[in-house]
2 protein chains.
Amino acid sequence: MNNEDSTKKQILESAYSLFVEKGYRGSSMRDIAEHAGIKAASIYNHFENKEQIFEVVFIEKHPMFRILEILDSIRGATAEELLTNAVNRLNKELRSEPALLNLFFVELVEMDGKHVPRAIKTNFPTDSNFIKQIYEKKSEIRDIAIPVLIRFLIGTIFAHIMFNWFIGDSSSRRWGTSAELNDVLLRGILR
Amino acid sequence: MNNEDSTKKQILESAYSLFVEKGYRGSSMRDIAEHAGIKAASIYNHFENKEQIFEVVFIEKHPMFRILEILDSIRGATAEELLTNAVNRLNKELRSEPALLNLFFVELVEMDGKHVPRAIKTNFPTDSNFIKQIYEKKSEIRDIAIPVLIRFLIGTIFAHIMFNWFIGDSSSRRWGTSAELNDVLLRGILR
DNA sequence: CCTACCGATCGGTAGG
DNA sequence: CCTACCGATCGGTAGG
């Protein structure tokens, strides 16, 4: 039924935004229901219990897939351009939507990371435009395995943003700008 | 009083380990009390409420300070040695004590990061043995501001470990080893 | 430092 | 899909 589907989707969207904002235990079934326009008891027509909702949300919204999706829209004539664009874009995206990583933190702290393996197995992307582009520009890059490169790239962005959280955004000037970090990154990656 | 002090400390230690393991809302005052060997009501002789406990714990155990503390014990004859040792040591430490970062995730998700600025202001280290050593070896390093370097170093370790969490530890072979990441990092930092 | 207790809220169920 | 309700647990207080 169409109605069933759309209610289920609304529950998932509601749960996602609440989990990300308040954590798992901080988001009650009543909150999730209200935000989806129904009553708490009705949720149980679509899900067995609260944890099942989280499971589905986490698998669908695993930040890794979202990040690979963002990377797929990046273009660049040279490896340097491609990588610089990727860093800038990811940086911007993760800043404007810190929620992206929050879901993962909730999984780590409140769920002990137990859903991670299944999330990876369920929907790891089979082909990535970004990775394809990197392969085409392989000659400009040091002899590093591509997965290691991807890892380093994504990792650097995380690092950048997480460090800002650590020290608070207030004193960020003294700790360097995005461009400086990008420079160090490219030096390590390019020939 | 000595007794007051030690009870307070036990409450803080108990709260720390519980917050890290179960999150803020997942750790009840009764749990915290029991783990400290007292009853829940007695906590209020030492703290005004639950959030005040978290505040004190977070300021005392902010991962950034613990990391700088670990770095202070690192030695190395050359910049390369110093940095490699630092990467390996931090990596080992963060792996054996993932709790270190969990406290910060709890703060970000359940507290909205509101205690971060005060934690930084309250106890930022005035002198660091590690930073001093880096300065002495400045000639071997590219012309990067030292804070940027520290940031990149700590960030790389984070990145390494967080990426493992993201993909789950299962498929880690294909994504590269610690040594490979260290190599990319050093290329970017050393002259 | 404790026992006893408060109102509020939780996840989930019964029954229609 | 709802109303009504369950037992359990929460943070916090009173009073000694």
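Naming: A, B, ... by sequence-line order, numbering from 1 per chain.
- Between the CD atom of Glu110(B) and the P atom of dG11(D) there is a distance of 12 Å, given to the nearest Å.
- Contact between the side-chain N/O atoms of Ser28(B) and the OP1/OP2 oxygens of dC10(D) is found at a separation under 4.0 Å.
- Gln52(B) CD: more than 12 foreign heavy atoms inside a 6.0 Å radius.
- In this structure, Glu51(B) places its CD atom 18 Å from P of dC10(D), rounding to the nearest Å.
- Among the nucleotides dG11(D), dC2(D), dG12(C), the one closest to any side-chain atom of Arg30(B) is dG11(D).
- Asn45(A) comes within contact range of at least one nucleobase, with a heavy-atom separation under 4.0 Å.
- Checking dG11(C), dG12(D), dC1(D) against every side-chain atom of Met29(A), the shortest atom distance belongs to dG11(C).
- The CG-P distance, from Asp31(B) to dC10(D), rounds to 6 Å in whole Å.
- Summarising the local packing, CZ of Arg142(B) is surrounded by more than 12 heavy atoms from other residues, nucleotides or ligands at distances under 6.0 Å.
- When distances run from any side-chain atom of Lys39(B) to the nucleotides dG12(D), dT3(C), dG12(C), the shortest one goes to dT3(C).
- Ile38(A) has its CD1 atom 14 Å from the C1' atom of dG12(C), to the nearest Å.
- The CZ-P distance, from Phe54(A) to dG11(C), rounds to 14 Å in whole Å.
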What's touching nucleotides 14-16 of chain C from the protein side, N or O pairs under 3.5 Å?
none

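- The number of heavy atoms from other shown groups lying within 6.0 Å of NZ (Lys137(B)) is above 12.
- Across all strands shown, dG15(D) pairs with dC2(C); the Watson-Crick or G-U wobble distances both stay below 3.5 Å.
- Within 6.0 Å of CD on Glu81(A) lie more than 12 heavy atoms contributed by other residues, nucleotides or ligands.
- Looking at heavy atoms from C-beta onward, Thr156(A) lies out of side-chain contact with Val87(A) at the 4.5 angstrom threshold.
- Nearest nucleotide to the Tyr44(A) side chain, out of dG12(C), dC1(C), dC1(D): dG12(C).
- Minimum atom distance to the side chain of Ser42(B) is reached by dC2(C), of the listed dG12(C), dC2(C), dC2(D).
- Aromatic ring orientation, Tyr24(B) versus Phe54(B): perpendicular (interplanar angle above 60°, classes split at 30° and 60°).
- Rounding to whole angstrom units, CZ of residue Phe47(A) and P of dC1(D) are separated by 12 Å.
- Ring orientation note: the planes of Phe104(B) and His62(B) are nearly perpendicular, at an angle over 60° on the 30°/60° scale.
- Comparing dC1(C), dG11(D), dG12(C) by their nearest atom to the side chain of Lys50(A) picks out dG12(C).
- Between the NE2 atom of His46(B) and the C1' atom of dC2(C) there is a distance of 13 Å, rounded to whole Å.
- Checking dA8(C) for Watson-Crick or G-U wobble geometry (two distances, each under 3.5 Å) identifies dT9(D) as its partner.
- As a whole-Å value, the separation of Tyr24(A) OH from dG11(C) P is 8 Å.
- The environment of CZ in Arg75(B) is crowded: more than 12 heavy-atom neighbours from other residues, nucleotides or ligands sit within 6.0 Å.
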